[in-house]
Amino acid sequence: MKNAYDLLAERGYLKQCSHPEELRELMGKEKLTFYIGFDPTADSLHIGHYVALMTMAHMQRAGHKPIALLGAGTAAIADPSGKTDMRRLMSAEELDHNAACFQKQMARLLSFEGENAAIFVNNAKWLRELNFLDFMRDIGVYFSVNRMLAAECYRQRMERGLTFFEMGYMLMQSYDFLVLFREHGCCLQMGGDDQWSNILGGADLIRRKEQKPAYALTTALLATSEGKKMGKTEKGALWLDPNKTSVYDFYQYWRNVDDAEVANCLRLLTFLSLEEIAALTAPDADINEAKKKLALVLSAQVHGEEEAQKAALAAEALFGGGGSIEHMPTLRLTVAQIEETGLRVTDLLALGKLCASKSDARRTIEGGGVFMDDEKVADVYAVADKNKLREGIIFRKGKKSFLRVIENN
RNA sequence: GGAUGGGUUCCCGAGCGGCCAAAGGGAGCGGACUGUAAAUCCGUUGUCACAGACUACGAUGGUUCGAAUCCAUCCCCAUCCA
């Protein structure tokens, strides 16, 4: 079997590693236990987390044992890394709920059976009972403030201000690593590259306190086309929960990625072989086929084969002509709604969430961006034809947003 | 605890008694061009019963015919001092 380290490297996951050669050798001859931490600050994972999940899955397939750490304890403190502002603080109940949501979504990619079954741990278990004095004495002494301040992530925050509260984050994350090392023999922590100093802190702590080797490894962050991290507090997050980001939107997102990013996305987010990816993205290949593949495969991984097919069919129907319209976002009007809206186009668009509000709908119509059954809506006061409602009327905003409005019965 | 400067629409940021739903930029949305791409150009971006009304410039009160703009109290942030 291929060395997992090489596998991660050639797919482009690897960013930084504390001891590259040593770790690679170790991964070649032993089955390691490793962990990645996730802060449950929302009730769903988003695509940024997904890269981390992929690395876990690859590692597991290579025989290593993954631990997914749910940071309900650490999330009580805001991680200052890469954030321009402090996060909103969350209650313990909220965090526990979110952790449960994460767990469900992760289960899709990891295996919980066999020798190297994945396990979940929650650092609230040990962090919430920590005694402050003991912690400061046992752990605090190993951290140099000078060194912490020198780290890039803190330097950025220095300009806007940094509280002691936030600096504690690094100590706690390091402590997590130590606990997992002691309880599970976990000697490797992985994570996004923004976590580099935090992860390194833990590896150093273990090396100093336990006199045993521990490793830090970070993966490339998935960036948006603007080069910004897709974080949960930034805009443009793509959620894995279909209620927060519909399967159709999820599919469309990947169908529309930048040409330049397709190959990278395929490598990082799917399990397709490198050969296949190379073929798909070869200079003489049709880049749009590669995008379709990416959208379909990734949607299937996240939402299941059936849902992905539906999204693909809907897209085909809308853009390719032919295909089915069954899976388009649909608004079913009740009798009461028909009366209430009087079938005014502006009202329907707002009701169906195609536009943010009636005012927004009005403006979009004025800008010539709304179509009803492929005919441009010219009048802000336009009303839909009630007779067509039984068959369903297709509204389109711009080129990519559709809504099918149909009588509900 | 003290001093100083701040908190403005999705974000940054101008405005500092009426002409302010608030300049400019970013981001979003729509149009043209395309490949459901990028780049570019144009329009648009609080809500509604849309030539009008209502709600908004940290919070609450006040002054005024009239407040984002002035005053008071409070909350929060930054910088320096302790």
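In this text, all values refer to a predicted model and were calculated from it rather than measured experimentally. Throughout, protein chains are lettered first and strands after them, A, B, ... in sequence-line order, and every chain is numbered starting at 1.
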Q: Is it the case that Gln105(A) and Ser44(A) place a side-chain donor and acceptor less than 3.5 Å from each other?
A: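 Yes, a side-chain donor-acceptor pair sits under 3.5 Å.
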
Q: In whole angstrom, give me the gap between the P atoms of C29(B) and U79(B).
A: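 Those two atoms are separated by 36 Å.
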
Q: With a non-hydrogen cut-off below 4.0 angstrom, is Gln252(A) in contact with a base, only sugar-phosphate, or nothing?
A: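 Base contact - Gln252(A) has a heavy atom under 4.0 Å of at least one base atom.
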
Q: Write down the distance separating the C1' atoms in A22(B) and G46(B), rounded off to the nearest Å.
A: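 Comparing C1' positions in A22(B) and G46(B) gives a spacing of 12 Å.
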
Q: Pick base, sugar-phosphate or nothing for Val380(A), based on heavy-atom distances below 4.0 Å to the nucleic acid.
A: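 Val380(A): no heavy atom of the nucleic acid under 4.0 Å.
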
Q: Please report the distance separating the P of U60(B) from the corresponding atom of U4(B), rounded so that it comes out in whole Å.
A: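 Those two atoms are separated by 27 Å.
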
Q: Given atom CD of Glu366(A) and atom C1' of U44(B), what is their separation to the nearest angstrom?
A: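 Rounded to the whole Å, the gap is 10 Å.
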
Q: Hunt down the Watson-Crick or G-U wobble partner of A51(B), both distances under 3.5 Å, from any strand shown, or write none.
A: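 Paired with A51(B), as far as the under-3.5 Å criterion goes, is no nucleotide at all.
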
Q: Of the nucleotides A49(B), G31(B), A37(B), which has the atom closest to the Phe371(A) side chain?
A: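 The answer is G31(B).
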
Q: If we call it a pair only when both distances are under 3.5 Å in a Watson-Crick or G-U wobble match, what pairs with G1(B)?
A: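 Result: C81(B).
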
Q: Using a 4.0 Å heavy-atom cut-off, does Ser357(A) contact any base of the nucleic acid, only the sugar-phosphate backbone, or nothing at all?
A: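 Sugar-phosphate only.
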
Q: To the nearest Å, how far apart are Asp360(A) CG and C10(B) P?
A: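 Going from CG in Asp360(A) over to P in C10(B) covers 13 Å.
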
Q: What interatomic distance, in whole Å, is found between C1' of G7(B) and the corresponding atom of U69(B)?
A: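 It comes out at 14 Å once rounded to the nearest Å.
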
Q: Round to a whole Å and report the spacing from NZ of Lys376(A) to P of G30(B).
A: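 One finds 13 Å between P of G30(B) and NZ of Lys376(A), rounded.
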
Q: Mind checking the P distance from C77(B) to A27(B)? Whole angstroms is fine.
A: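 Looking at atom P only, C77(B) and A27(B) are 31 Å apart.
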
Q: When we call it a touch if two heavy atoms are under 4.0 Å apart, what does Lys397(A) touch: a base, just sugar-phosphate, or nothing?
A: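 Counting heavy atoms under 4.0 Å across all strands, the contact made by Lys397(A) is with sugar-phosphate only.
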
Q: Take the protein atom CZ of Arg362(A) and the nucleotide atom P of U47(B), then report the distance between them rounded to whole Å.
A: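 Result: 11 Å.
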
Q: Take the protein atom CG of Leu351(A) and the nucleotide atom P of C48(B), then report the distance between them rounded to whole Å.
A: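 After rounding, the gap between these two atoms is 12 Å.
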
Q: Nearest-Å distance, NZ (Lys399(A)) to C1' (A32(B))?
A: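 Rounding to the nearest Å, NZ of Lys399(A) and C1' of A32(B) are 8 Å apart.
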
Q: Expressed as a whole number of Å, how far does the C1' atom of C74(B) sit from that of A82(B)?
A: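 Approximately 25 Å lies between the C1' atom of C74(B) and that of A82(B).
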
Q: Are side-chain N/O atoms of Arg255(A) and Asn288(A) paired as donor and acceptor at under 3.5 Å?
A: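 On atom types as modelled, these side chains qualify, holding a pair under 3.5 Å.
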
Q: Tell me the partner of G24(B), counting only Watson-Crick (N1-N3 plus N6-O4 or O6-N4) or G-U wobble (N1-O2 and O6-N3) with both under 3.5 Å; none if nothing fits.
A: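 Looking at the geometry, G24(B) pairs with C12(B).
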
Q: Rounding to an integer number of Å, can you tell me how far Ile365(A) CD1 sits from G31(B) C1'?
A: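 Whole-Å distance recorded here is 15 Å.
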
Q: Answer with yes or no whether Asp286(A) presents, from its side chain, a donor or acceptor under 3.5 Å of a partner atom in the base of G35(B).
A: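 For Asp286(A), whose side chain was compared with the base of G35(B), there is no donor-acceptor pair (under 3.5 Å).
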
Q: Nearest whole Å is fine: how far is G46(B) P from Arg363(A) CZ?
A: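 Roughly 5 Å, once rounded to whole Å.
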
Q: If you find the nucleotide of RNA chain B closest to Ala350(A) and the one closest to Gly367(A), which residue's nucleotide is nearer the 5' end?
A: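 Residue closer to the 5' terminus by nearest nucleotide: Gly367(A).
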
Q: When the nearest nucleotide of RNA chain B is assigned to Ser401(A) and to Tyr381(A) on a heavy-atom basis, which residue is associated with the more 5' position?
A: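 It is Ser401(A) whose nearest nucleotide is closer to the 5' end.
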
Q: Any idea which heavy atoms bring Ala72(A) and Ala124(A) closest together, and the distance?
A: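 For Ala72(A) and Ala124(A), the tightest heavy-atom pair comes out as CB-CB, 4.0 Å.
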
Q: Could you check whether Asn264(A) and Glu261(A), counting side-chain N and O atoms only, form a donor-acceptor pair closer than 3.5 Å?
A: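 No pair is found: no donor N or O on one side chain lies under 3.5 Å from an acceptor on the other.
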
Q: Any salt bridge between Lys2(A) and Glu10(A), counting N to O under 4.0 Å?
A: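 Yes, this pair counts.
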
Q: Mind checking the C1' distance from C50(B) to A21(B)? Whole angstroms is fine.
A: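 It comes out at 14 Å once rounded to the nearest Å.
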
Q: Looking at the side chain of Ser359(A), which of G35(B), U47(B), A49(B) is the nearest nucleotide?
A: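 Out of G35(B), U47(B), A49(B), the nucleotide with an atom closest to Ser359(A)'s side chain is U47(B).
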
Q: Say you pick atom P in G35(B) and the same atom in G43(B); how far apart are they, in whole Å?
A: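 Per the computed distance, 26 Å lies between those P atoms.
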
Q: So, Tyr35(A) versus His184(A), ring centres under 6.0 angstrom or not?
A: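 Centroid distance Tyr35(A)-His184(A): not below 6.0 Å, so no.
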
Q: Less than 4.0 Å between a side-chain N and a carboxylate O, is that true for Glu391(A) and Lys388(A)?
A: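 No, this pair does not count.
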
